[in-house]
Amino acid sequence: MTNSLTYMIVILGAATVALSLYVAFSFLIKHVNMRGDSRRLTGALMLQLFGEAVLGAGTLLFAILAHTGHLPHIPIALQSSLRLLMFVATAATTIHLFVVIARLDHE
């Protein structure tokens, strides 16, 4: 049962990360060709999706390491640093998107 769950997590996790990166890249292409408010919004959405991909990739990595038994061999400081990076990427891109939308709303 645990192996089946892990396989589903890995497949869904990898698909989610790939989807986030694909859509972020799509927004990047649109961002290059746009001007004004649309450009700012596509840029913010692109960054948000890259932040989401970082969080998803980190979660996927930790799931694989835990399942394979390698997680206990990784120093706690490195694990904590990776988790901090994941949360900073997500928080920063979420705040950035919020600020961009707030500015667009007040203009």
Side-chain angles (χ1 to χ4, degrees):
M1 177 72 170
T2 303
N3 283 339
S4 296
L5 286 173
T6 300
Y7 293 139
M8 286 189 289
I9 288 169
V10 169
I11 290 168
L12 186 57
T16 301
V17 171
L19 180 62
S20 293
L21 290 173
Y22 175 78
V23 176
F25 184 71
S26 296
F27 274 117
L28 174 63
I29 292 169
K30 292 182 185 306
H31 176 75
V32 169
N33 297 318
M34 292 185 160
R35 299 289 174 257
D37 292 345
S38 297
R39 182 178 172 85
R40 294 192 317 184
L41 186 56
T42 56
L45 289 168
M46 175 193 63
L47 288 175
Q48 176 69 30
L49 288 162
F50 279 128
E52 182 180 299
V54 168
L55 184 64
T59 302
L60 181 59
L61 175 66
F62 278 105
I64 292 169
L65 291 173
H67 181 72
T68 59
H70 291 93
L71 192 57
H73 306 292
I74 297 175
I76 297 297
L78 180 57
Q79 290 183 38
S80 295
S81 297
L82 289 172
R83 288 183 178 103
L84 179 64
L85 172 70
M86 291 162 48
F87 287 123
V88 166
T90 303
T93 58
T94 300
I95 291 167
H96 180 259
L97 178 61
F98 178 80
V99 168
V100 167
I101 291 173
R103 286 182 182 163
L104 291 173
D105 189 41
H106 287 94
E107 289 180 0

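Here CG of Leu55 is found 11.0 Å from CG of Leu60. Values are rounded to the nearest 0.5 Å. Going from atom CG of Leu28 over to atom CG of Leu49 covers 11.5 Å, rounded to the nearest 0.5 Å. The OG1 atom of Thr90 sits 9.0 Å away from the CG atom of Leu85 when rounded to the nearest 0.5 Å. In this structure, CE on Met46 lies 11.5 Å from CG on Leu41, to the nearest 0.5 angstrom. Taken from CG in Leu19 to OH in Tyr22, the straight-line distance is 9.5 Å, to the nearest 0.5 Å. Between atom CD1 of residue Ile64 and atom CG of residue Leu71 there is a gap of 12.0 Å, rounded to the nearest 0.5 Å.
When every heavy atom of Ala57 is checked against every heavy atom of Val17, the shortest pair comes out as N-CG2, 3.4 Å. Across all non-hydrogen atoms, the minimal contact from Glu52 to Ser20 is OE2-OG, 2.7 Å. Taking all atoms of both residues into account, the shortest heavy-atom contact from Ala102 to His106 is O-ND1, 2.7 Å. Here the closest heavy-atom approach between residue Pro72 and residue Gly69 is recorded as CD-O, 3.4 Å. Annotation for Phe62 and Gln79: closest pair CZ-O, 3.7 Å, computed over non-hydrogen atoms.
Leu21 and Leu47 fall within a single hydrophobic cluster, where Ile, Leu, Val, Met, Phe, Trp and Tyr are joined by side-chain heavy atoms under 4.5 Å apart, directly or via other members. Residues Leu104 and Met34 do not share a hydrophobic cluster, defined by chaining ILVMFWY side chains whose heavy atoms lie under 4.5 Å apart. Tracing side-chain contacts under 4.5 Å through hydrophobic residues (I, L, V, M, F, W, Y), one reaches Leu45 starting from Ile29; they form part of the same cluster. Hydrophobic clustering of Ile, Leu, Val, Met, Phe, Trp and Tyr side chains at less than 4.5 Å, counting indirect connections, keeps Leu61 apart from Ile11. No single ILVMFWY cluster, assembled from side-chain heavy atoms under 4.5 Å apart, contains both Val88 and Leu97.
Looking at heavy atoms from C-beta onward, Asn3 lies in side-chain contact with His67 at the 4.5 angstrom threshold. Counting heavy atoms from C-beta outward, Arg40 and Asp37 have side chains that approach closer than 4.5 Å.
Under a cut-off of 6.0 angstrom, the local environment of CZ in Arg39 is crowded, with over 12 non-hydrogen atoms contributed by other residues, nucleotides or ligands. Around the NE2 atom of His70, the shell of radius 6.0 Å holds no more than 12 heavy atoms that belong to other residues, nucleotides or ligands.
With hydrogens and angles ignored, the 3.5 Å screen pairs no side-chain donor or acceptor of Ser38 with any backbone N or O of Arg35.
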